[in-house]
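A quick note: this is a predicted structure, and the numbers were derived from the prediction, not measured.
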Amino acid sequence: MGMTGQRDLNEGNAATEQRRSGVGRVLVALRLAVVSAVIGAALAALVVGVILKDVPVLATGGGVLALLVLLAFLGGRRGAGRDAPPARRTALARIEDLRATGGETADVPVTFRLTVAPEPEDERPAYRVKISQSINLVDIPAYRPRGIAVVEYHPEKPWDVRIVTRPTPEWSRRAEEAEIDSAPESTLVRDPDGGAGAWCLLVLVGLLAGAALVVLSFRGELFASGDAGGSAAKESSASSASSSSASRTFSTSTTVSGPSSSLLTFGRMRVTAMELEARVDSAYVTSLRIEDHRMAVRGDSARPLAETVHLPSLPYELFPGLVREARATLGVREAESWRIDVTPGGGAGVGPRVRVTVSGTEGTAHLDADVTGRITDRRAVGVS
């Protein structure tokens, strides 16, 4: 009863804040549209005044533009004199999902979907946010879906969130002990300035509307010397086709070649896995196979997430060490080939299974490990 009431309260507070934010965006849009229309009308008045050699119209357009420049200058001075914004605050966040988006260097851009749980003194309910942040290849295995991370956020800009990759010991302890429920999708916050395309379109429409109003007001004088035959504008309509995505199975592989092309090279496994992820358009697969110069994945979109392997979360940086361990300790003196097979765990809460197989003249042997790189079983040559 308590948890349900708290969740309803959080949803209600989030809905109230979203309504306030929506009203604020509408007011900003109206102000931007009016200012754009005035600027468009002033520019059109300058052009019309020059064409008609009408001094009053020319002076009116120039005066309005000068007034707008003066107001913008005064507004900038006033904004510069305001107090500094409040400092960023630290909180815990639940990782709902993450996806590596590319990168050839040690720092890989990763897109996170988080549930941020502000501290009680902030008097703000938990909310969802989507961010993109560069994470070092070595640190990526520490971030997994349903895990807890330490973040910093801006109190007045809740969408401005970044993950703290090196938290203090106190926050690290709190992150290990914390359990955070997922916030509803309705609490997702976005940067209101992120839709730059929509704001640019609004400015363009305002400019054109203001200019059209002035031109239409003087259409008689402008077109008196010739035929007022206007050309009809051709409208191009784009039809949107809706596509339905059905359950599908997929498999793909890639082969690397060239100098230093072994997948044991640091960082090469993760880059290759991200290329395959982009090719199949899914971060969840049912199996992953890695060989010296080849990587392959298979998947089924109908499988539950608990029965799949999340490609971005795998500790690729630990796999070369497992291969070296298998070569050195399983009785294969000179391994002619090696293979890594990653498959889903046996049930909910069980991570993927990693099997490293090496083959040579003595025979075939393998070792098993969990997703953290801890070896759980060894089968040397001749051991069944």
Side-chain angles (χ1 to χ4, degrees), residues 100 106 136-145 147 251-277 283-300 303-384:
N136 192 275
L137 283 170
V138 178
D139 296 332
I140 286 182
Y143 302 100
R144 301 188 182 90
S251 64
T252 187
S253 64
T254 186
T255 302
V256 296
S257 59
S260 302
S261 61
S262 173
L263 287 173
L264 293 178
T265 304
F266 182 79
R268 180 63 63 87
M269 284 189 189
R270 184 171 296 279
V271 172
T272 306
M274 287 188 296
E275 292 174 354
L276 292 181
E277 177 187 340
Y284 296 91
V285 300
T286 55
S287 68
L288 168 67
R289 171 164 291 187
I290 306 173
E291 297 171 306
D292 196 17
H293 298 280
R294 182 176 180 273
M295 182 181 293
V297 296
R298 300 176 64 86
D300 184 354
R303 287 280 192 93
L305 294 184
E307 299 178 9
T308 61
V309 175
H310 189 243
L311 288 176
S313 300
L314 293 177
Y316 300 98
E317 293 72 26
L318 303 179
F319 289 171
L322 293 176
V323 174
R324 289 192 295 269
E325 179 73 10
R327 283 173 164 175
T329 63
L330 298 181
V332 181
R333 296 181 180 178
E334 295 186 5
E336 298 174 354
S337 65
W338 59 268
R339 183 179 75 245
I340 300 174
D341 292 293
V342 184
T343 54
V350 180
R353 294 190 297 262
V354 181
R355 169 164 291 187
V356 181
T357 304
V358 292
S359 300
T361 56
E362 295 84 357
T364 301
H366 71 264
L367 62 79
D368 295 335
D370 60 18
V371 76
T372 65
R374 182 177 60 87
I375 298 175
T376 58
D377 189 26
R378 299 175 189 264
R379 288 291 185 272
V381 173
V383 179
S384 58

* To do: Output, in order, the C-alpha distance, side-chain angles, deciding distance and verdict of side-chain contact (heavy atoms from CB on, under 4.5 Å) for R379 and D377.
  => CA-CA 7 Å; R379 288 291 185 272; D377 189 26; 2.7 Å; yes
* Check against salt bridge (charged side-chain N to carboxylate O under 4.0 Å, His left out), D292 and R294 -> CA-CA 6 Å; D292 196 17; R294 182 176 180 273; over 6 Å; no
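Annotation for M269 and L263: closest pair CG-O, 3.1 Å, computed over non-hydrogen atoms. Between V354 and I340, the shortest heavy-atom distance links the atoms CG1-CG2, 3.9 Å. Taking each heavy atom of I290 and W338 in turn, the nearest pair found is O-CZ3, 3.5 Å. When all heavy atoms are compared, the tightest approach of P344 to E307 is CG-O, 3.2 Å. Between P315 and P141, the closest heavy-atom pair is CA-CG, 3.6 Å.
With sequence neighbours excluded, the residues satisfying ring-ring contact (aromatic ring centres under 6.0 Å, His included) with H310 are Y284.
Rounding to the nearest 0.5 angstrom, the gap separating the OG atom in S251 from the CG atom in L276 is 11.0 Å. The distance from atom CG of L367 to atom CG of L330, rounded to the nearest 0.5 Å, is 5.5 Å. Atom-to-atom distance recorded for R289:CZ and E291:CD is 6.0 Å, nearest 0.5 angstrom. With values rounded to the nearest 0.5 angstrom, R374 atom CZ is found 13.0 Å from L318 atom CG.
Within the 3.5 Å criterion, the main-chain N or O of G373 finds a donor-acceptor partner in the side chain of D370. With hydrogens and angles disregarded, a donor-acceptor distance shorter than 3.5 Å links the side chain of Y316 to the backbone of L311. With hydrogens and angles ignored, the 3.5 Å screen pairs a side-chain donor or acceptor of T286 with a backbone N or O of R298.
Counting only heavy atoms from C-beta outward, the side chains of S262 and R268 never approach each other to under 4.5 Å. S313 places a side-chain heavy atom less than 4.5 Å from the side chain of P145. Residues L288 and V309 are not in side-chain contact: their nearest non-hydrogen atoms beyond the backbone lie 4.5 Å or more apart. When side chains are defined from C-beta on, V297 does not count as touching S287, because their heavy atoms never get closer than 4.5 Å.
When L264, V356, V342 are each tested for a side chain to side chain contact (heavy atoms under 4.5 Å, CB included) with F319, only one passes: V342.
Under 3.5 Å, the side chains of T364 and S359 contain a donor-acceptor pair of N or O atoms.
Pairs of residues two or more places apart, or lying in two chains, that qualify as salt bridge (Lys or Arg N to Asp or Glu O under 4.0 Å) and include a residue from residues 317-328 are R270-E317, E325-R378. Legend: salt bridge (Lys or Arg N to Asp or Glu O under 4.0 Å) pairs involving residues 350-369, not counting sequence neighbours, sorted by first then second residue: R355-D368.
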